[in-house]
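Below is one structure, written out as C-alpha coordinates; the observations come after it.
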Amino acid sequence: MKKFLVFFLAILALTFVACGKDKNLESYLDMEKIQSEFNIDEKDDEHIKFKDKDEPRSAYRIFNFQKMKSVDFKNPKKIDKLEEFYLGKNCDIIYKDESTIIVLVLVQDNSYAYNIQSFDDSKTELMIAVSIGSDKELSETELFNLLDEAKSFLK
(Lines give C-alpha, C1' and ligand atoms only; values in the text may rest on other atoms or scores of the structure.)
Protein backbone atom coordinates (compact mmCIF):
# COMPACT_ATOMS: atom_id res chain seq x y z
CA MET A 1 0.00 0.00 0.00
CA LYS A 2 2.82 2.43 0.89
CA LYS A 3 4.55 1.91 -2.45
CA PHE A 4 1.33 2.61 -4.36
CA LEU A 5 0.70 5.77 -2.34
CA VAL A 6 4.25 6.98 -2.89
CA PHE A 7 4.06 6.31 -6.63
CA PHE A 8 0.83 8.34 -6.75
CA LEU A 9 2.54 11.13 -4.81
CA ALA A 10 5.51 11.14 -7.15
CA ILE A 11 3.18 11.67 -10.10
CA LEU A 12 1.48 14.56 -8.29
CA ALA A 13 4.84 16.08 -7.42
CA LEU A 14 5.83 16.30 -11.08
CA THR A 15 2.58 17.92 -12.23
CA PHE A 16 3.98 21.46 -12.40
CA VAL A 17 7.49 20.76 -13.65
CA ALA A 18 8.94 21.71 -17.03
CA CYS A 19 12.36 20.51 -18.17
CA GLY A 20 15.40 22.70 -18.78
CA LYS A 21 17.89 22.07 -21.57
CA ASP A 22 21.40 23.04 -20.50
CA LYS A 23 23.84 20.82 -18.53
CA ASN A 24 23.33 17.13 -17.86
CA LEU A 25 21.61 16.60 -14.51
CA GLU A 26 24.08 13.89 -13.48
CA SER A 27 26.83 16.52 -13.31
CA TYR A 28 25.04 18.03 -10.29
CA LEU A 29 24.34 14.77 -8.43
CA ASP A 30 26.41 12.22 -6.55
CA MET A 31 25.43 9.33 -8.82
CA GLU A 32 27.73 6.86 -7.06
CA LYS A 33 25.92 7.43 -3.75
CA ILE A 34 22.51 7.23 -5.41
CA GLN A 35 23.30 4.00 -7.27
CA SER A 36 24.75 2.34 -4.18
CA GLU A 37 21.76 3.11 -1.93
CA PHE A 38 18.70 3.27 -4.23
CA ASN A 39 17.04 1.77 -7.28
CA ILE A 40 16.93 4.17 -10.22
CA ASP A 41 13.49 4.09 -11.89
CA GLU A 42 13.91 6.74 -14.59
CA LYS A 43 16.84 8.80 -15.81
CA ASP A 44 17.62 11.20 -18.63
CA ASP A 45 19.57 14.46 -18.98
CA GLU A 46 16.91 16.57 -17.22
CA HIS A 47 15.26 14.14 -14.77
CA ILE A 48 16.11 11.34 -12.37
CA LYS A 49 13.75 9.35 -10.20
CA PHE A 50 15.05 6.84 -7.65
CA LYS A 51 13.48 4.99 -4.75
CA ASP A 52 14.31 2.85 -1.77
CA LYS A 53 15.45 -0.65 -2.45
CA ASP A 54 12.81 -3.22 -1.56
CA GLU A 55 13.91 -3.54 2.05
CA PRO A 56 11.35 -3.26 4.84
CA ARG A 57 11.11 0.35 6.06
CA SER A 58 8.70 2.34 8.17
CA ALA A 59 8.91 5.14 5.57
CA TYR A 60 9.27 4.31 1.87
CA ARG A 61 10.78 7.14 -0.21
CA ILE A 62 10.88 8.14 -3.86
CA PHE A 63 13.20 11.01 -4.83
CA ASN A 64 12.77 13.09 -7.99
CA PHE A 65 15.23 15.67 -9.28
CA GLN A 66 14.09 17.71 -12.29
CA LYS A 67 15.75 20.59 -14.12
CA MET A 68 13.34 23.40 -14.92
CA LYS A 69 13.11 26.11 -17.52
CA SER A 70 14.37 29.42 -16.14
CA VAL A 71 11.06 31.18 -16.70
CA ASP A 72 9.18 28.53 -14.68
CA PHE A 73 11.81 28.37 -11.96
CA LYS A 74 11.84 32.15 -11.48
CA ASN A 75 8.05 32.36 -11.25
CA PRO A 76 7.49 33.88 -7.77
CA LYS A 77 4.08 32.21 -7.55
CA LYS A 78 5.22 28.61 -8.15
CA ILE A 79 4.80 27.62 -4.49
CA ASP A 80 1.42 29.36 -4.31
CA LYS A 81 0.31 27.42 -7.40
CA LEU A 82 1.42 24.17 -5.78
CA GLU A 83 -0.43 25.09 -2.59
CA GLU A 84 -3.58 25.85 -4.57
CA PHE A 85 -3.26 22.52 -6.41
CA TYR A 86 -2.82 20.52 -3.21
CA LEU A 87 -5.64 22.34 -1.41
CA GLY A 88 -7.86 21.53 -4.39
CA LYS A 89 -7.04 17.85 -3.78
CA ASN A 90 -8.02 18.21 -0.07
CA CYS A 91 -4.44 17.86 1.14
CA ASP A 92 -3.10 19.42 4.33
CA ILE A 93 -0.26 21.92 4.01
CA ILE A 94 2.26 21.21 6.79
CA TYR A 95 4.86 23.83 5.83
CA LYS A 96 5.32 26.44 3.14
CA ASP A 97 7.93 29.11 2.44
CA GLU A 98 9.23 30.79 -0.72
CA SER A 99 11.09 27.68 -1.95
CA THR A 100 9.56 24.64 -0.20
CA ILE A 101 6.16 23.11 0.43
CA ILE A 102 5.47 20.04 2.59
CA VAL A 103 2.07 18.38 2.22
CA LEU A 104 0.18 15.56 3.89
CA VAL A 105 -1.52 14.13 0.83
CA LEU A 106 -3.39 11.15 2.19
CA VAL A 107 -4.14 9.26 5.39
CA GLN A 108 -5.64 5.83 4.81
CA ASP A 109 -5.66 2.61 6.85
CA ASN A 110 -2.89 3.83 9.21
CA SER A 111 -0.75 4.81 6.23
CA TYR A 112 0.43 8.36 5.64
CA ALA A 113 1.51 9.84 2.32
CA TYR A 114 3.55 13.05 2.11
CA ASN A 115 5.03 15.16 -0.67
CA ILE A 116 7.91 17.56 -0.20
CA GLN A 117 8.75 19.88 -3.07
CA SER A 118 11.66 22.28 -2.97
CA PHE A 119 13.37 24.46 -5.54
CA ASP A 120 17.15 24.80 -5.44
CA ASP A 121 19.24 27.28 -7.41
CA SER A 122 22.62 26.59 -5.80
CA LYS A 123 23.85 24.70 -8.89
CA THR A 124 21.04 24.91 -11.43
CA GLU A 125 17.33 25.56 -11.60
CA LEU A 126 16.34 22.32 -9.95
CA MET A 127 13.12 21.01 -8.48
CA ILE A 128 13.57 18.43 -5.72
CA ALA A 129 10.60 16.26 -4.79
CA VAL A 130 10.41 13.60 -2.12
CA SER A 131 7.35 11.38 -1.91
CA ILE A 132 6.99 9.39 1.30
CA GLY A 133 4.70 6.57 2.30
CA SER A 134 4.82 5.86 6.02
CA ASP A 135 3.10 3.59 8.51
CA LYS A 136 3.23 6.38 11.10
CA GLU A 137 2.63 10.10 11.16
CA LEU A 138 5.88 11.98 10.59
CA SER A 139 6.81 15.19 12.39
CA GLU A 140 7.81 18.35 10.57
CA THR A 141 11.39 17.74 11.78
CA GLU A 142 11.42 14.22 10.29
CA LEU A 143 10.10 15.60 6.99
CA PHE A 144 12.79 18.29 6.89
CA ASN A 145 15.38 15.60 7.59
CA LEU A 146 14.14 13.77 4.48
CA LEU A 147 14.48 16.99 2.47
CA ASP A 148 18.02 17.40 3.83
CA GLU A 149 18.76 13.83 2.78
CA ALA A 150 17.54 14.63 -0.74
CA LYS A 151 19.77 17.71 -0.86
CA SER A 152 22.73 15.58 0.27
CA PHE A 153 22.73 13.99 -3.20
CA LEU A 154 23.77 17.34 -4.73
CA LYS A 155 27.50 17.77 -5.35
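We're numbering straight along the sequence, starting at 1.
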Near [X] [atom1], under 6.0 Å, is it more than 12 heavy atoms from other residues, nucleotides or ligands?
{"X": "Asp97", "atom1": "CG", "value": "yes"}
{"X": "Glu32", "atom1": "CD", "value": "no"}
{"X": "Lys74", "atom1": "NZ", "value": "no"}

Got a sec, which residues hit side-chain hydrogen bond (donor to acceptor under 3.5 Å, both in side chains) with [X], two or more places apart in sequence or on another chain?
{"X": "Asp80", "result": "Lys96"}
{"X": "Glu137", "result": "none"}
{"X": "Lys136", "result": "Glu142"}
{"X": "Gln35", "result": "none"}

Listed partners of [X] passing side chain to side chain contact (heavy atoms under 4.5 Å, CB included), at least two apart:
{"X": "Asn145", "value": "Thr141, Asp148"}
{"X": "Leu87", "value": "Glu83, Ile93"}
{"X": "Glu98", "value": "none"}

Heavy-atom side-chain proximity of Lys78 to Met127 below 4.5 angstrom =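 Lys78 does not reach Met127 side chain to side chain.
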For Phe63, enumerate each residue passing the ring-ring contact (aromatic ring centres under 6.0 Å, His included) test, keeping only those at least two apart in sequence or located in another chain.
-> Phe38, Phe50, Phe153
Do any pairs count as a ring pair (Phe, Tyr, Trp, His ring centres under 6.0 Å) and have a residue in residues 130-150, sequence neighbours left out, and if so which ones?
->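 Found Tyr95-Phe144.
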